[in-house]
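Letters A, B, ... mirror the listed sequences (proteins, then strands); counts begin at 1.
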2 protein chains.
Amino acid sequence: MPRPRTSETAERIRAAALELIAEKGVQQASLREIAERVGITKPALYYHFASREELLRGLVQPLVDDVEELLARLESAPSHDAREMLGAYFDVTYRHRAITKMVMQDPSVLAHLDLAAVVDGWRRRIQALLFGPAPTLAQQTRATVAVGGLGDCTVMFTDAPFDELRRATLDAACATLGR
Amino acid sequence: MPRPRTSETAERIRAAALELIAEKGVQQASLREIAERVGITKPALYYHFASREELLRGLVQPLVDDVEELLARLESAPSHDAREMLGAYFDVTYRHRAITKMVMQDPSVLAHLDLAAVVDGWRRRIQALLFGPAPTLAQQTRATVAVGGLGDCTVMFTDAPFDELRRATLDAACATLGR
DNA sequence: GTCTATAGGCTGATAGAC
DNA sequence: GTCTATCAGCCTATAGAC
């Protein structure tokens with residue numbers, strides 16, 4: 001039996017935190033309530049996480065890593081199909097949709113984790129992938145509507161089957177880009 | 001000289017609150033900081049507003065009223081052009097863009113003000129105006145991307161000239177709808 | 001690893017003087 | 001209308017026993 005790479009309790013804490021955040025929002029999810037849901041006391045959390053900020057950072061990191069990896073991959077390949085790129089982006093946000101929901105429902109958490117600049121960079125890099133390094137305002141708005149829409153649909157239509165949602169969302173986003 | 005219909009201090013409080021909320025988010029804008037910015041003490045706020053919730057409600061209400069009025073007007077007129085409807089919606093969000101930004105940066109404030117159901121109703125009513133009473137998932141995603149995009153662009157491109165932004169945003173939203 | 005107990009600070013809100 | 005003083009309640013975080 002392999003030794004678990006991460007503590008099981010830490011994993012349960014993360015899961016409870018994500019649950020509670022989905023229900024009440026980031027700011028409203030206190031360590032007391034998270035601990036209660038796990039069935040331990042608040043100080044016990046501090047054995048697994050140095051601070052509330054570290055816990056949140058650990059929740060967001062997998063999404064951040066995957067988006068960074070995706071963008072690096074897209075930027076290294078010279079030719080792109082817009083639908084392929086947006087599809088890959090949709091898949092990432094969908095895979096991490098609990099975190100995506102958390103970030104979209106309260107973007108201020110990003111600033112608190114010093115990730116505002118990172119996410120702002122994502123927007124510019126995606127615009128560059130779609131329209132080159134100096135997009136016009138018309139192109140910026142289209143990229144904003146398309147990419148923002150991917151996230152919106154990911155977190156809004158949680159009951160729809162994945163394949164159907166993916167197709168419908170990408171159809172809408174590609175129509176926005178005029179492709 | 002006409003007596004002012006609303007207290008001047010109350011107006012300064014509202015302005016300071018909106019400023020601070022734009023900078024730090026709703027949850028992070030405390031009454032203490034708002035009072036500080038106005039140049040009065042915290043208890044003095046309570047002479048003008050019964051509670052923090054009442055202050056927030058007063059900020060959001062003008063946007064709520066204008067959207068309700070717009071939707072009622074659109075629903076009462078039998079024939080519609082999509083670009084006209086979206087344009088009218090854009091104008092409302094732009095006119096109240098400080099509040100729009102606040103709501104989009106932290107939608108949970110709506111739930112706290114018991115407005116979540118109201119705003120959810122807006123989404124359904126707009127979808128009905130665009131696609132009839134029972135839109136398919138494909139139509140729902142297109143409406144979501146288009147309408148969400150209007151709000152996103154309103155708060156994101158604050159430096160762009162109004163006319164140019166309006167045209168670019170509506171072009172993108174109408175392309176999303178396939179019109 | 002988890003507990004009890006507690007420190008220290010911030011919050012929204014109130015009482016009562018001026 | 002605004003102030004000082006204060007309250008109760010919540011928060012994050014730590015100390016130290018087991």
List the atom pairs, with distances to 0.1 Å, where a side-chain N or O of residues 172-179 of chain B and a protein N or O form a donor-acceptor pair under 3.5 Å, not counting sequence neighbours.
unit_1, atom_1, unit_2, atom_2, d
B/T176, OG1, A/T176, OG1, 2.5
B/T176, OG1, B/A172, O, 2.9
B/R179, NH2, B/L130, O, 3.2

Mind listing the side-chain donor-acceptor pairs of residues 106-118 of chain B below 3.5 Å, one per line with the distance, residues two or more places apart or on another chain?
unit_1, atom_1, unit_2, atom_2, d
B/D106, OD1, B/S108, N, 3.2
B/D106, OD1, B/S108, OG, 2.5
B/D106, OD2, B/Q27, NE2, 3.4

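The hydrophobic cluster around B/M104 extends to none of the other residues, as no ILVMFWY side-chain heavy atom falls under 4.5 Å of it. When hydrophobic side chains of Ile, Leu, Val, Met, Phe, Trp and Tyr are connected at separations under 4.5 Å, B/Y46 ends up clustered with B/I13, B/L20, B/L31, B/I34, B/V38, B/I40, B/L45, B/F49, B/L55. The other residues sharing a hydrophobic cluster with A/V145 are B/V145, where clustering joins ILVMFWY side chains under 4.5 Å apart.
When rounded to the nearest whole Å, the span between CD of B/E33 and P of C/dT11 equals 7 Å. One atom, OH of A/Y46, and another, C1' of D/dC11, lie 9 Å apart when rounded to the nearest Å. What separates CD of B/E36 from C1' of D/dT2 is a distance of 16 Å, to the nearest Å. What separates CG of A/L45 from C1' of D/dT14 is a distance of 14 Å, to the nearest Å. A/Q27 has its CD atom 14 Å from the C1' atom of C/dC10, to the nearest Å. Atom NE2 in B/H48 sits about 16 Å away from atom P in C/dA13, given to the nearest Å. For the pair A/Y47 OH and D/dA13 C1', the computed distance is 18 Å after rounding to whole Å.
Judged as a side chain to side chain donor-acceptor pair (under 3.5 Å), the pairs with a partner in residues 50-73 of chain B (not counting sequence neighbours) are, in order, B/E53-B/R57, B/Q61-B/D65, B/D66-B/R95, B/D66-B/H96, B/E68-B/W122, B/E68-B/R125. Every pair tested for salt bridge (charged side-chain N to carboxylate O under 4.0 Å, His left out) that includes a residue from residues 142-163 of chain A fails, sequence neighbours excluded, so the list is empty. Annotation: ring-ring contact (aromatic ring centres under 6.0 Å, His included) contacts involving residues 54-77 of chain A, sequence neighbours excluded, are absent.
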Just the table, please: protein N/O against nucleotides 3-6 of chain D N/O, every pair under 3.5 Å.
unit_1, atom_1, unit_2, atom_2, d
D/dC3, OP2, B/T41, N, 2.5
D/dC3, OP2, B/T41, OG1, 2.6

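For the segment residues 12-26 of chain A, no residue has any heavy atom less than 4.0 angstrom from an atom of DNA chain C. Residues of residues 50-57 of chain A that place a heavy atom closer than 4.0 Å to DNA chain D, in numerical order, are A/S51, A/R52.
Scored by the ring pair (Phe, Tyr, Trp, His ring centres under 6.0 Å) test, A/F157 finds no partners at all (sequence neighbours excluded).
Between B/Q127 and B/P135, the shortest heavy-atom contact is OE1-CG, 3.7 Å.
Separation of atoms CZ (B/R123) and CE (A/M156) is listed at 5.0 Å; rounding is to 0.5 Å.
Neither OP1 nor OP2 of C/dG12 sits under 4.0 Å from any side-chain N or O of B/R32.
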